[in-house]
Amino acid sequence: MNIVTLLLVAAPTLFWDQGIDTAAALKKNGVSTIQVPPAVVDAWKRAGLDAHPLTPAELEARIKLPDPGIDRQVATLSPTQRPFVVANGWRFLRKAGGQFRSQPAAGVAKLAVAEALAFGSDDVLKIDPRDLPAAGEMFAFFRRFDAVTLPDVSQVGVVDDGTESVGEVMELLSRRNLLFSPVTAPRPEHALTIKLGTKEYPTKSATDPSEFAYGIRGKLTDDKRLIRFFGSETVLCRLVGDKHRARLYLVNYSGNPTEGLRVRLRGDFAKGMAHSDLEAVARPPMDHTSVKGVTEFTVPSFNMVAVVDLQ
Amino acid sequence: MKRRTFIKLSGAGIATVAAPVPAERPPRYTVTTKYKPVPGLGMPGPYPGQVVRVSSARCIDEAADKVDPKVVAQMLDRGICELTGDSQKDKAWRRFIQPSDVVGIKVNCVGLPKVISSPELVGEIVRNVVAAGVTPDRIWLYERFSEHLEAGNYGPHLPAGVRFHGAETLRGSNSSYDPFTYVDVDFFGEDDTRSNMIRLISEKFTKIINVATVKDHGAAGATGCLKNIAYGSFSNVARSHAGTKTNTLSFIGTLASVEPLRSRVVLQVVDGFRGVWHGGPFGKIKRYVFYPKLLMLGTDPVALDRQIVDIVEEKRKAEGVISLWDRSPGPLKNGKNRDTDPNANVFIREPGHVEFASKAGLGVANPKRIKIKSIVL
């Protein structure tokens with residue numbers, strides 16, 4: 001089993017330290033698998049839950065994730081007009097097969113679950129119990145379509161030396177939906193490979209990671225970028241696929257619904273089906289075109305997450 | 001990216017448009033549209049370089065800030081006839097509007113609450129369009145933001161059946177824009193580089209009447225016909241403003257040039273009953289509202305906007321404040337005080353966008369070549 005597959009079979013779960021009397025609430029909200037303190041595993045199983053033990057030390061040993069969302073930089077004197085998106089997708093990609101933990105603040109659980117599911121990450125989330133219905137909705141949304149085992153698609157390789165600088169580069173590439181993979185050496189499928197500390201990419205060039213990512217965008221050119229979005233600066237994506245099909249996960253971090261997101265994707269995809277968390281049934285994307293190796297379509301609306309299958 | 005004069009068109013079946021030649025190098029614009037120019041009507045239309053100015057001291061009661069619809073109707077009737085040379089207003093209107101048309105009326109509501117396209121004027125325009133044979137359900141008032149259109153409260157002034165369209169019910173929504181008609185440009189490194197035309201314009205309207213206002217604009221210098229129809233018909237345009245330097249100089253004319261918008265805007269009506277001499281495009285501060293008490297008509301948005309620049313500039317001069325053309329750094333350092341200090345600038349104003357639009361073929365900017373017919377009622 002390779003790393004990619006490991007990522008895809010993993011799934012986020014809730015760490016639940018509430019009383020057994022909350023079993024009905026969990027079931028009502030479609031949550032059947034939970035992580036619990038070892039001492040209460042049997043009790044939870046008797047209550048009908050698929051409970052797995054997780055000690056405090058095991059939980060602590062996992063990589064802590066920040067809350068996803070928008071950092072409006074209100075304390076900054078000259079904030080950028082573009083909101084700063086706090087997202088964890090790049091962390092999931094960087095530590096493929098990694099074990100993560102989250103403790104999202106009240107109201108954030110749904111988005112945290114969404115991005116963990118989109119990236120198929122092994123994330124244990126300790127949510128505010130009041131967010132159980134919202135988290136349950138997101139788990140339910142992802143059950144509406146089949147899981148796929150397709151590899152991540154990227155066009156930039158990043159040689160990861162484990163430093164914070166490389167992490168920032170990955171984060172800002174992700175922020176611009178410049179799809180990357182951590183690599184140890186250049187791969188033929190990548191248009192370019194970034195290795196900080198080289199003549200082409202001196203370490204100091206990444207001092208401003210946003211500007212660095214903009215430079216990478218310029219090297220790729222907008223025309224040749226694997227994927228682009230129009231109509232939002234706060235939707236980040238994960239793309240998986242092979243020669244025959246692709247799946248696009250869209251996560252909207254803005255806190256407001258996204259309407260009419262236009263997607264431009266390199267590749268010829270004749271048809272698609274979009275699942276939106278605002279619509280009960282899937283339907284084909286709007287204004288779908290596929291011309292000369294470029295596919296475009298519009299996702300009508302979604303609140304926090306949409307998943308588009310393309311063939 | 002090296003920035004240079006560049007406009008190209010992409011996509012299947014797409015026609016070439018003349019590239020504007022600006023005084024300074026504009027960003028690299030790429031226009032995508034399947035629509036071709038239609039000769040005859042449009043911008044600058046059949047009356048290039050012509051402006052009809054109708055003034056009346058009675059058109060608005062300054063103390064009550066109330067527009068007189070009867071006087072407005074007289075001004076509009078006289079103005080349209082003077083523009084076309086017809087003695088009958090019905091004949092004049094039918095030069096622009098046919099019964100089979102679907103008519104979009106672009107109002108300007110960003111100057112709420114004090115300076116918007118007056119409902120009394122818009123109502124009179126609609127009545128004339130109906131008289132030309134267009135049924136009310138084929139007339140649409142449109143604006144980018146629904147909340148602005150609603151706050152404009154046009155309904156009571158219109159015949160029943162007239163439709164309303166705010167392109168963005170939810171700010172930032174992209175769903176009412178045409179994904180196949182857009183201008184692509186990277187101003188400041190933004191990822192979303194497209195500005196798409198409102199879909200009703202490309203797919204529904206056959207004619208558009210532009211009802212502009214007379215306002216100062218912190219970025220564009222002045223905002224009249226060109227900016228109302230350009231920034232008011234496309235998505236994602238505020239991105240042209242960042243820092244103190246904006247791209248309004250070239251973006252306004254570029255957007256207004258995009259087909260089919262350019263060919264479908266058949267008439268320009270400037271509501272100069274009220275105006276804003278500072279703090280625009282917003283109209284929230286009474287101190288900066290003034291009363292030119294005039295109505296202007298034409299088909300050439302450049303010639304009309306040339307008048308608007310002069311009107312606002314003259315008012316500012318009379319108030320003893322800095323010129324619209326002032327590009328010095330001092331007022332910019334004071335930008336945060338714009339609402340209280342008319343000598344403060346939030347951006348470098350770009351009234352030269354009118355001349356840029358002229359070079360893009362949208363009309364006549366040279367005052368010596370503009371023919372003004374002035375009427376006082």
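All values below were derived from every heavy atom in this structure, side-chain atoms included, with hydrogens, water molecules and symmetry-related copies excluded. Letters A, B, ... are given to chains in the order of the sequence lines, protein chains preceding strands, and every chain is numbered from 1. As the structure is a prediction and not an experimental result, all values here were calculated from the model.
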Under 4.5 Å from any heavy atom of chain A - which part of B:Asn196: neither

Test of ring centre spacing under 6.0 Å for A:Phe141 and A:His275: no

Within 45° cone and under 6.0 Å: B:Arg264 NZ/CZ vs B:Phe205 ring: no

Part of B:Thr193 lying under 4.5 Å from any heavy atom of chain A: both

Which of A:Pro300, A:Pro257, A:Ser232 touches chain B most, by non-hydrogen pairs under 4.5 Å: A:Pro257

Straight-line distance of B:Asn228 CG to B:Thr223 OG1, nearest 0.5 Å: 6.0 Å

Test side chain to side chain donor-acceptor pair (under 3.5 Å) applied to A:Asn252 and A:Ser254, step by step: CA-CA 6 Å; A:Asn252 172 23; A:Ser254 70; 3.0 Å; yes

Donor-acceptor pair between A:Thr298 and A:Arg262 side chains, under 3.5 angstrom: yes

Atom group of A:Phe230 that falls short of 4.5 Å from chain B, counting heavy atoms: both

Residue among A:Met286, A:Lys292, A:Arg225 with most heavy-atom pairs under 4.5 Å to chain B: A:Arg225

More than 12 heavy atoms of other groups within 6.0 Å of A:Lys219 NZ: yes

Engaged part of A:Thr289 at the chain B interface, taking heavy atoms whose separation is under 4.5 Å: side chain

Per-residue contact mode, A:Glu211 against chain B (heavy atom under 4.5 angstrom): neither

